[in-house]
Structures are given as structure tokens and as C-alpha cells.
Amino acid sequence: MNILVTGGAGYIGSHTLIELIASGHSVVVVDNLCNSSKIAINRVEKITGTSIPFYETDIRDKEALNIILDKHQINCCIHFAGLKAVGESVSHPHEYYDNNITGTLTLIGALREHGIKNIIFSSSATVYGEPQVIPVTEDCPKGICTNPYGWTKWMIEQMLIDLHTADPTYNVVLLRYFNPIGAHESGLIGENPNGIPNNLMPYITQVAVGKRDKLHIFGNDYDTPDGTGVRDYIHVVDLAKGHVKALNAIQSNCGVEVYNLGTGKGYSVLDIVKAFERVNDVKIPYVIDDRRPGDIATCYSDPSKAWTALGWKAEYGIEEMCRDSWNWQRQNPDGYG
Ligand code: NAD
Ligand code: UDP
């Protein structure tokens, strides 16, 4: 298939490009580079030996999208583009709703004008809010989100479901990611956060590389085995492969489908710190701080639906995730610079 990849220069998008190309698909990337670098695309070209059509374009720019869609015969869109920092979404809700919601509306409008009705969307476990059941199944109701970022995911899912209800010839796959970490084994691409990392693993790797003094662990009084928060960390390459499987579903006219992409295993913050230290033989100094507002104690997936329906399951373990995160950071102490 010929796939439009929005946000393809970003962390998950760049890893997915590699898996798509390896599976024989063609890709066209649209990214405004607001949270990424063109260097990521150059590195993917190096890894895959393939030249990638790239447009530095905002998905809110319908005219530009129309020109791109006129030029390339696209069969499906994988939609990664969006802002994703939870805390920033609380302080800048307008920017988040504009970028994520207006952006998606503009994109699906342009796709519709070009007869493109196959869409895979990057959703998130955040749509479950405080999950009513653990492990979280796809049937678990969408919950009350605790921040505007989460609400944008919740609303975009609903918009795409409604498109299919109105026109059943749409095929929509909603992929709810749990906590992606790790990097491509080459160490050429990886997660490259702007400023102080919000997420656990990039913070740990920046401590390891000497950019930060110590990790701040947000709370050790949760109702979990060691008191720190438990999450479902998944290797970004496994996550990327999930998109290739989702494309198979699209090709067999799946209608609307929702899948959790996680490992089904929960690790605490201290489990991750210890695994990182053990695998990489580096010390991660840490302090225990107060809980971070909005955090929940435990969240991990039941990923069995993706296995049954798509034949996808995560293959990498926590050791490989820690090894590859460090391999990327060590080779690229300043990310893409
Ligand atoms: P990322 O920031 O690395 O990638 C997003 C990409 O979208 C960036 O390259 C950015 O420049 C681009 N972008 C943003 N707004 C744009 C716009 N208006 N027009 C064009 N390009 C735009 O983030 P990521 O971690 O790769 O996440 C990809 C998607 O997965 C996002 O939608 C995110 O919300 C979702 N997601 C991520 C996580 C996670 O923990 N990383 C978890 C669940 C869901
Ligand atoms: N966390 C932490 N220190 C950090 C960043 C995160 O202790 O600097 C904890 C956080 O409280 C949560 C876990 O690590 O329990 C995962 O947080 P992350 O932000 O990576 O993912 P999310 O909150 O979206 O699940």
C-alpha cells in the first residue's frame, strides 16, 4: 500500500516507517517538525536504503495537504501527528485542541476529498482514564480523562467512529498505545524530547548520560508492590510492527476496530530503574518526590485481542527496552542535536 504517515519524523512514526518499508509498503511523510527533526527521516533512509518523500507541512494546512494528495496515490493514512505532553496540555489547552482536533478534522477532510477512507490512528491508554479493570481490555469503557491531551485522543477516536457509522466503507483502526520506550537496534533513531523529559525512560537515559543529576520518582506510597507507579512498557519496535498488522486488517475491510498495544506486563518505576542499572551497568541516582498530579497507581493492558485478531504480540522484554534506550542515548547524547 501507499501510506501517508503524518508525524512520521517523530519517535513512533520514524520507527514505524522502517517496519512499513521492510514489509513492502511505500510511505509519504507529512510532518511540521514542531517536535522532531528532519535528521530522523535521513536516518530512516540510511537504515532502509530507501528514499522517503517528505513534506514539512502542518496537517492544519488543507491546501498543502491537497497538493500532496493530488500528487501521491495514497491508499491509507497512519495518523501520528499531534502534540503529546500531558502537562503542557493542561497549561495550553487551546494549542492542544487546535493542533490535535483541528489538525485531525482538516486531515480527514482532505483525505475524504481524495476518496481515502482507510485510517489508522495513534490513540492512547489515556482514553481509559482511571481504568475500571486491570489488565485493561478494549471493552473497558472510555473513562474521564484527566487532561486536555487525553480528551483530544478520546474525541478523535469518537470522530473516526462516527465517520464509519455515517459511511461504513470507512476502515478505521484505533491503536491504544501503552508506554513506548526503547529504540531501533542501530541506535540511529530514538526518542528525542524537547527540554526536560516528562516521561520516565528519557529522564533515566538523560541521568545516565550525565545531563541530569538524578531521577525524581513521583511517589512511593501507591498501592503497588513497591509503592511506585506500575505501567506497561512496550518496545517501540514492537509497537511499530503493530501498525503493519493493523494495515492487514484495513486491507481486509475491517470496519472499526480498537486494539490495545501493550505487553500485558506491569513494571514499577523501581523495577525499571533496577533493570536499567543491571542491563547497562550504570548507576541511576534517584530521590522520592511527591506524587505527580493526575497519575494513577497501576495501568497495564490485556493485549490478547491484538494477538487473536491481528496475530500481533510484543516480543521484546524489559532488558532489550533498557538496552536499546541506552544505546540510542549514549550514541546521541544531544538527540538529533
Ligand atoms: P512525537 O512528538 O515524537 O511525534 C509526533 C510528530 O507529529 C512530531 O514529529 C511532530 O513534529 C508532528 N506534529 C505535531 N503536530 C503536527 C501538525 N500539526 N502537523 C504536522 N506534524 C505535526 O510523538 P510520538 O511519541 O512519536 O507519538 C506519536 C503519536 O502517538 C502521537 O499522536 C501521540 O499522542 C501518540 N501516543 C504517544 C505515546 C507516547 O508515550 N509516546 C503514547 C500514546 C500515544
Ligand atoms: N515517573 C517518575 N519520574 C519521572 C517520570 C515519570 O517517577 O520523571 C513515573 C510516573 O509517575 C509513572 C511512571 O513513571 O508512574 C510512568 O510515567 P510516564 O510519564 O513515563 O508515563 P505515563 O504517566 O503516561 O504512564
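Indexing begins at 1, ligand by ligand and atom by atom, following the structure's order. Remember, predicted model here, so these are calculated numbers, not experimental data. Note that the numbering runs from 1 along the sequence shown for the chain. Side chains are part of it too, since the values below use all heavy atoms of this structure and drop only hydrogens, waters and symmetry mates.
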task = Could you list which atoms of ligand 1 come closer than 4.0 Å to a heavy atom of L33?
result =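 With L33 as reference, the close atoms of ligand 1 come out as 11 (O).
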
query = Should Y149 be listed as contacting ligand 2, given a heavy-atom distance under 4.0 Å as the test?
reply = no

When you measure from the heavy atoms of [X] to every atom of ligand 1, does any distance fall below 4.0 Å?
{"X": "C34", "result": "yes"}
{"X": "K153", "result": "yes"}
{"X": "D58", "result": "yes"}
{"X": "T57", "result": "yes"}
{"X": "G8", "result": "no"}

task = Pick one of side chain, backbone, both or neither for how D295 approaches ligand 2, counting any non-hydrogen atom pair under 4.0 Å.
result = side chain

Closest to atom 13 (C) of ligand 2 (judged by heavy-atom distance), picking from F218, Y222, Y233 = Y233

ask   = Of N179, L215, T126, I196, which has the heavy atom at the shortest distance from atom 21 (O) of ligand 2?
value =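 Checking each option, the heavy atom nearest atom 21 (O) of ligand 2 is found in N179.
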
key: Contact (N/O only, under 3.5 Å) between I12 and ligand 1   = yes

request  = Around atom 14 (O) of ligand 2, find the nearest protein heavy atom and jot down its residue, atom name and distance.
outcome  = V269 CG2, 3.5 Å

Ion pair check, [X] and [Y], cut-off under 4.0 Å:
{"X": "R60", "Y": "D98", "answer": "yes"}
{"X": "D221", "Y": "R291", "answer": "yes"}
{"X": "E191", "Y": "K84", "answer": "yes"}

Check: I318 main-chain N/O paired with K265 side-chain donor or acceptor under 3.5 Å =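 Here the side-chain-to-backbone pair does not exist.
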
inquiry  = For H72 and N2, which I'm curious about, is there any donor-acceptor pair between the side chains at under 3.5 Å?
reply    =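 On atom types as modelled, these side chains do not qualify, holding no pair under 3.5 Å.
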
